[in-house]
Amino acid sequence: MMRVNRTIKYEGDRVRGVGKEIMSVSGCERLQSCIQCGTCSGTCPLSIYMDFSPRQVMALVRADFKNEVLRSHTVWLCASCYACTTECPRQIRITDIMYALKQRAIQEGIYPKRFPIPVLAKEFYEMVRSQGRITEMLLVMKLFYKTDWLAALSSWRLGIGMMRTGRFELRPEHIERRAELAGMLDSAGNGAAKPKETA
Amino acid sequence: MKYSYFPGCSLKGLGRSYEESLLPVMKHLGVELAELDDWNCCGATAYMSVDEGKAAVLAARNLAIAEKAGPEDLMTPCSACYLVLNKTQHNIADYPEINETVRRALGSAKLAYNGTVKVRHPLDMLINDIGLDVIKEKVVRPLKGLKVAPYYGCQVVRPYATFDDAWNPTTMDRLLATLGAEVVPYPLKTKCCGGSLTGTVPEAGLRLTYILLKEAVRRGADVIATVCPLCQFNLDAYHDQIEQRWGPARVATVYFSQLMGLAFGLAPEQLGLKRNFIPMKPLPAQQPAQKISV
């Protein structure tokens with residue numbers, strides 16, 4: 001069988017209202033004023049690895065192409081260097097829009113399984129909620145366990161190096177008032193701006 | 001001069017040589033630092049990827065504790081912490097809904113934050129509070145002939161820093177020159193090191209790190225000076241993987257505070273220099289270094 005992919009989008013592929021929802025998240029308001037100049041893509045050190053460039057992501061979000069954006073690798077490749085945000089001639093906080101998209105993808109569970117970046121974000125989140133601090137080596141171990149434990153084996157030289165330089169620490173760091181912090185995080189509910197699902 | 005001090009997780013973990021060198025250097029300059037009581041993780045980039053409201057609460061707890069501790073500015077050496085605490089200040093001030101989430105969460109622990117804390121980076125303190133003339137007086141062992149590439153990384157200058165330029169910062173350049181070092185032109189000084197992508201997507205992350213190393217070598221640098229624990233780790237710890245992929249780009253990466261300590265005549269073993277994967281070549285012996293207690 002010949003597999004074919006449709007490369008042009010239909011009107012019906014859009015999820016109406018998603019663009020507005022993202023623009024209602026703090027920091028994302030100015031997306032509407034994007035002029036598609038491409039400065040963000042030009043200044044982005046990671047755009048060469050992205051399936052959609054940052055400029056394309058801006059256009060797709062504004063035009064409600066939710067599934068295309070949330071399934072792309074672009075938002076996860078953003079390393080938060082804020083180059084685009086600093087350079088944007090329309091003062092659009094593109095890095096913050098990428099964060100809003102990451103939050104949305106995690107909420108909806110839309111990302112490639114065993115893809116390490118969202119897994120890292122979630123493990124980090126859990127460790128801070130329970131301990132109040134991050135023990136970096138423990139976090140890395142958890143990441144390996146949840147994504148690709150074979151990668152741990154191939155990183156053995158890194159591990160040895162860290163032991164040699166006294167930087168390998170598995171004893172969990174934690175704050176004193178852990179219950180206080182957990183209570184505070186719980187009282188923050190499910191985020192300041194949680195858009196509702198639209199059809 | 002007094003400051004409160006927010007170390008962040010990295011300065012107690014992978015980046016401990018930053019703290020090991022920064023504390024004696026600040027003490028040598030007569031700066032008093034009080035570590036924040038029961039501080040928690042700033043949330044870094046990961047928390048903002050999961051939940052914006054909780055990310056603000058996490059950072060605000062530290063700001064509230066700092067405000068309660070006194071009027072001193074908050075020294076925040078880690079670039080990610082510096083960005084997150086500043087960002088949270090802006091978000092609390094600019095967005096009533098975030099302010100409300102934070103107020104409610106802090107209230108549940110009988111804490112409050114009125115927005116009075118100033119988050120300061122050590123470079124900012126060194127240049128604007130302490131002053132290069134005072135620093136110069138403390139230099140007993142000028143870093144003569146040492147070629148240094150000043151690497152700032154991204155989050156310390158973008159997008160919230162007020163003490164230096166977002167693309168061409170010069171505070172560390174001036175500091176290193178005051179120490180007697182030769183500062184080589186390094187146009188990639190604020191290009192991203194790849195952050196955590198070095199671990200999660202090595203093909204992309206390590207490439208960015210490699211570009212930085214290669215450029216420093218090309219410019220003839222003996223050492224790269226950095227201000228960020230993640231940059232230091234990326235530039236230091238992955239040389240074998242980078243060599244395998246693209247060939248050698250060997251140059252040591254140390255914290256600016258370690259170079260300050262050397263110039264002040266503090267003993268190298270007091271400055272965490274043995275924690276490097278790629279060690280910095282020792283400076284030529286001139287005079288015995290003095291020991292100070294921390």
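Order of the sequence lines fixes the chain letters, A, B, ..., with proteins taken first and strands second; residue numbering starts at 1 for each chain. Keep in mind that the numbers below use all heavy atoms, side chains included, and drop hydrogens, waters and symmetry copies. These numbers come from a predicted model, not from an experiment.
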Is it true that atom CZ of A/Arg171 has more than 12 heavy atoms of other residues, nucleotides or ligands lying nearer than 6.0 Å? no
What distance do A/Arg133 atom CZ and B/Cys9 atom SG have between them, rounded to the nearest 0.5 Å? 7.0 Å
Please look at B/Lys274 and chain A and tell me whether the side chain, the backbone, both or neither of the residue comes under 4.5 angstrom of a heavy atom of that chain. backbone
Residue part contacting chain A, namely of B/Glu203, when any heavy atom lies under 4.5 Å: both
Select, from A/Met137, A/Met162, A/Lys122, the one with the greatest count of heavy-atom pairs under 4.5 Å involving chain B. A/Met162
Salt-bridge contact A/Glu169-B/Lys12 (side-chain N to carboxylate O under 4.0 Å): no
Which bit of B/Asp236 comes within less than 4.5 Å of chain A, counting heavy atoms only: side chain, backbone, both or neither? side chain
Could you go through A/Tyr99 and B/Ser49, starting from their C-alpha distance and side-chain angles, then the distance that decides it, and tell me whether this counts as side-chain contact (heavy atoms from CB on, under 4.5 Å)? CA-CA 5 Å; A/Tyr99 277 126; B/Ser49 308; 3.7 Å; yes
I would like to know whether A/Lys102 and B/Met48 meet side-chain contact (heavy atoms from CB on, under 4.5 Å); could you show each step before the answer? CA-CA 9 Å; A/Lys102 288 176 199 178; B/Met48 279 183 234; over 6 Å; no
With heavy-atom distances below 4.5 Å as the criterion, would you say the side chains of A/Gln103 and B/Asp51 are in contact? no
Nearest heavy-atom contact between A/Glu180 and B/Ala109 is CG-CB, 3.3 Å
Bottom line for B/Arg16: the part with an atom under 4.5 Å from chain A's heavy atoms is side chain
So which heavy atom on B/Val50 is nearest to which on A/Ala121, and how close? CG2-O, 3.8 Å
Heavy-atom pairs under 4.5 Å with chain B - which of A/Thr135, A/Asp96, A/Leu101 has more of them than the others? A/Asp96
From CA spacing to verdict: side-chain contact (heavy atoms from CB on, under 4.5 Å), A/Ser26, B/Asn91: CA-CA 8 Å; A/Ser26 317; B/Asn91 282 348; 5.6 Å; no
Could you check whether any side-chain N or O of B/Asp38 sits under 3.5 Å from a backbone N or O of A/Glu176, counting only pairs where one atom can act as donor and the other as acceptor? yes
Counting C-beta onward and ignoring hydrogens, is there a side-chain heavy-atom pair between B/Asn40 and A/Val128 closer than 4.5 Å? no
For B/Gln155 and A/Ala79 the tightest heavy-atom approach is NE2-O, 4.3 Å
Output the option from A/Met98, A/Glu173, A/Arg164, A/Glu123 having the highest count of non-hydrogen pairs under 4.5 Å with chain B. A/Arg164
Who wins among A/Thr85, A/Thr95, A/Leu46 for the most heavy-atom pairs under 4.5 Å with chain B? A/Leu46
If you compare all heavy atoms of B/Lys87 against all heavy atoms of A/Tyr82, which two are closest, and at what distance to 0.1 Å? NZ-OH, 2.9 Å
If you count heavy-atom pairs within less than 4.5 Å of chain A, which of B/Ser10, B/Pro202, B/Ala105 leads? B/Ala105
Locate the shortest heavy-atom distance separating B/Trp39 from A/Ile175; write the atom from each residue and the value. O-CG2, 3.0 Å
Name the region of B/Leu208, side chain, backbone, both or neither, that has any atom closer than 4.5 Å to a heavy atom of chain A. side chain
side-chain contact (heavy atoms from CB on, under 4.5 Å) for A/Tyr49 and B/Leu197? Distances and angles first, verdict last. CA-CA 12 Å; A/Tyr49 293 101; B/Leu197 292 174; over 6 Å; no
Side chain / backbone / both / neither for A/Arg93 at chain B, heavy atoms under 4.5 Å: side chain
Let me confirm one number: the CZ-CD distance from A/Arg157 to B/Gln244, rounded to the nearest 0.5 Å. 6.5 Å
Could you have a look at A/Ala100, A/Ser80, A/Pro118 and say which one has the most heavy-atom pairs with chain B under 4.5 angstrom? A/Ser80
Looking only at atom types and distance, does a side-chain atom of A/Arg167 sit under 3.5 Å from a main-chain N or O of B/Leu14, one as donor and one as acceptor? yes
Between B/Val201 and chain A, which part of the residue has a heavy atom less than 4.5 Å away: side chain, backbone, both or neither? side chain
At a heavy-atom separation under 4.5 Å, does B/Thr190 approach chain A through its side chain, its backbone, both, or neither? neither
Distance, nearest 0.5 Å, that separates SG of A/Cys28 from CD of B/Glu52: 7.5 Å
Nearest heavy-atom neighbours spanning A/Tyr125 and B/Tyr47: O-OH, 3.0 Å
Can a donor-acceptor pair be found, under 3.5 Å and without considering hydrogens, that links the side chain of B/Arg275 to the backbone of A/Thr165? yes
For the candidates A/Gly183, A/Cys78, A/Ala83, A/Ala179, which exhibits the highest count of non-hydrogen atom pairs separated by less than 4.5 Å from chain B? A/Ala83
For chain A, the option from B/Ala204, B/Ala166, B/Ser108, B/Gly13 that forms the most heavy-atom pairs under 4.5 Å: B/Ala204
Find out whether A/Leu143 and B/Thr200 are in side-chain contact, i.e. whether some heavy atom of one side chain is under 4.5 Å from a heavy atom of the other. yes
Do A/Asp186 and B/Lys54 sit within salt-bridge range, that is, some charged N less than 4.0 Å from a carboxylate O? no
Could you check whether any side-chain heavy atom of A/Glu136 comes within less than 4.5 Å of a side-chain heavy atom of B/Phe233, counting everything from C-beta outward? no
In plain terms, say whether B/Asp37 and A/Arg177 are close enough for a salt bridge, that is, a side-chain N and a carboxylate O under 4.0 Å apart. yes
I'd like to know if the side chain of B/Tyr95 and the backbone of A/Gly27 have a donor-acceptor N/O pair within less than 3.5 Å. yes
At a heavy-atom separation under 4.5 Å, does B/Leu83 approach chain A through its side chain, its backbone, both, or neither? side chain
